[in-house]
Amino acid sequence: MDVPEAAAACSRVVDEVGGAVVADREFLDRVTLGILARGHVLLEDVPGTGKTLSARSFAAALGLEFSRVQFTPDLLPSDVTGTNVFDERDGSFAFSPGPIFANVVLADEINRAPPKTQAALLEAMEEGQVTVDGETHELPKPFYVIATQNPVESEGAFPLPEAQLDRFTIKTAIGYPDDEGEVDLLRRRAGRVAQAPTVERVLDPDAVADLREVPETVRVDDDLLEYMASVARATRNDRRVDVGVSPRGTQRLFETARAAAVISDREFVTPDDVKRVAEPALAHRLVLTPDAAVNDADKRDVIADVLDRVAVPTVEAPEA
């Protein structure tokens, strides 16, 4: 699969999901960025905006196996990863896979699970495997986590630590629909019997695997590499920031910028690609100083200010 074919495939997936989820194109593109960049996505928004429907719809459009885990304060790590079960017939233990053994896993309200259970996702998200009783089990490929959390309620919630947040390639939100969008939502509901809309399959697992390889072919000039590194370093020197973007974050910025170029049907990255993905790829990785937190500083504003300060290189399109 080449870049034009990948761009067309992404467009078809977004169009199909957009027929079920009332959300702007930017949100759908951001979730697609996570898929293309072979990362994971965190959706933070109030209840009822369509987070679960979005995850389920993307899985259906991609033709991938879907699994949903409802995180609760009493959820154990084994409830996610699976456990060894004793078989009385032959007196042996056999591994019983947990719900994480799927292509697209929805970790619903991830901030309601205790830290030990949240940590059970770390190895799976980073390594594509889980270890149970000392035995390692490979997860299906492709493997993709979409986690949701509610930023409003604090009772019975365990905020994600920075190490966990850093595992997510993209963090974004759906937001409330505008007037026209909410009316459109009601029209769609009036036109069907079932509450949840159906989504047709656009791709299959093999096509998704090929799709995720395409960003590796996208060219990134050296001055763009220096630009991304400068943006990351600038976050570490901002007076409002206690802990800036990690080297892992810099790599994720690089990967998402290449994915953004693919979605735009380009075989090379431009500064606009970097600016387009900087906020969803970097903002959640920042740790603000206590003074900045007290003054309600916004991490997205920090990224916007950094992009204004860092000099932008001039990139010329390659000759045909």
Open item on the list: I'd like to check the ring-ring contact (aromatic ring centres under 6.0 Å, His included) partners of Phe66; sequence neighbours left out, ordered by chain and number.
Closed with: none
- [ ] Can you sort out the partners of Phe95 under ring-ring contact (aromatic ring centres under 6.0 Å, His included), two or more places apart, ordered by chain and number?
- [x] Phe101, His137
Open item on the list: Under the criterion salt bridge (charged side-chain N to carboxylate O under 4.0 Å, His left out), I'd like the reasoning laid out for Asp15 against Arg25: C-alpha separation, chi angles, the key distance, then a yes or no.
Closed with: CA-CA 9 Å; Asp15 288 343; Arg25 185 85 181 192; 2.7 Å; yes
Nearest 0.5 Å, please: how far is [atom2] in [Y] from [atom1] in [X]?
| X | Y | atom1 | atom2 | answer |
| --- | --- | --- | --- | --- |
| Thr270 | Arg276 | OG1 | CZ | 9.5 Å |
| Thr250 | Leu282 | OG1 | CG | 7.5 Å |
| Leu288 | Asp298 | CG | CG | 8.5 Å |
| Leu33 | Thr169 | CG | OG1 | 10.0 Å |
| Cys10 | Leu36 | SG | CG | 4.0 Å |
| Arg233 | Arg236 | CZ | CZ | 7.5 Å |

Any side-chain heavy atom of [X] within less than 4.5 Å of one from [Y]?
| X | Y | answer |
| --- | --- | --- |
| Val31 | Leu43 | yes |
| Ile303 | Lys299 | no |
| Phe58 | Leu64 | no |
| Thr289 | Val241 | no |
| Arg252 | Phe168 | no |
| Thr217 | Val214 | yes |
| Asp45 | Phe27 | no |

Between [X] and [Y], is there a donor-acceptor pair closer than 3.5 Å when you use the side chain of the first and the backbone of the second?
| X | Y | result |
| --- | --- | --- |
| Thr148 | Glu109 | yes |
| Ser96 | Val85 | no |
| Thr172 | Pro280 | no |
| Glu279 | Ala304 | no |
| Thr117 | Leu75 | yes |
| Thr235 | Ala232 | yes |
| Asn295 | Ala297 | no |
| Thr32 | Leu28 | yes |
| Glu16 | Glu200 | yes |

Please give me the minimum heavy-atom distance between [X] and [Y], naming the atom from each residue.
| X | Y | result |
| --- | --- | --- |
| Ser57 | Val21 | OG-CG2, 3.9 Å |
| Pro271 | Pro313 | CG-O, 3.4 Å |
| Gln149 | Lys51 | O-CE, 4.3 Å |
| Asp79 | Pro99 | O-CD, 3.1 Å |
| Pro140 | Ala102 | CG-N, 3.8 Å |
| Val69 | Val80 | CG1-CG2, 4.3 Å |

Of all residues at least two apart in sequence or in a different chain, which pass the salt bridge (charged side-chain N to carboxylate O under 4.0 Å, His left out) check with [X]?
| X | value |
| --- | --- |
| Arg285 | Asp166 |
| Asp108 | Arg68 |
| Arg258 | Glu216 |
| Lys171 | Glu44 |

Assess whether a salt bridge exists between [X] and [Y], defined as any Lys/Arg side-chain N lying under 4.0 Å from an Asp/Glu carboxylate O.
| X | Y | answer |
| --- | --- | --- |
| Arg266 | Asp272 | no |
| Glu255 | Arg38 | no |
| Asp301 | Arg240 | no |
| Arg12 | Glu5 | no |
| Arg30 | Glu26 | yes |
| Arg112 | Asp74 | no |

TODO: Applying side-chain contact (heavy atoms from CB on, under 4.5 Å), run through Asn237 and Arg309 and close with a yes or a no.
DONE: CA-CA 12 Å; Asn237 299 326; Arg309 291 198 306 267; over 6 Å; no
Task: Test side-chain contact (heavy atoms from CB on, under 4.5 Å) applied to Ser54 and Ile174, step by step - done: CA-CA 9 Å; Ser54 297; Ile174 301 177; 3.6 Å; yes
Open item on the list: Consider side-chain contact (heavy atoms from CB on, under 4.5 Å). Of Val202, Ile35, Asn103, Val199, which one does Leu62 pass it with?
Closed with: Ile35
Task: Test side-chain contact (heavy atoms from CB on, under 4.5 Å) applied to Leu42 and Val145, Leu165, Ile146, the passing residue - done: Leu165
Open item on the list: Before you tell me yes or no, could you show the steps for Met228 and Val220 under side-chain contact (heavy atoms from CB on, under 4.5 Å), namely the whole-Å CA-CA distance, both residues' side-chain angles and the distance that decides it to 0.1 Å?
Closed with: CA-CA 11 Å; Met228 294 183 214; Val220 186; 3.8 Å; yes
- [ ] Kindly determine whether Lys275 and Val312 satisfy side-chain contact (heavy atoms from CB on, under 4.5 Å), including the steps that lead there.
- [x] CA-CA 10 Å; Lys275 291 183 176 182; Val312 180; 3.7 Å; yes
Open item on the list: Hydrophobic clusters here meaning ILVMFWY residues chained together by side-chain heavy-atom distances under 4.5 Å, can you tell me if Leu225 and Val218 are in one?
Closed with: yes
Open item on the list: If you count every heavy atom of other residues, nucleotides or ligands that lies below 6.0 Å from Arg239 atom CZ, does the total exceed 12?
Closed with: no
TODO: Using the six-membered ring wherever Trp is involved, compare the ring planes of Tyr144 and His40 and label them parallel, tilted or perpendicular (cut-offs 30° and 60°).
DONE: parallel
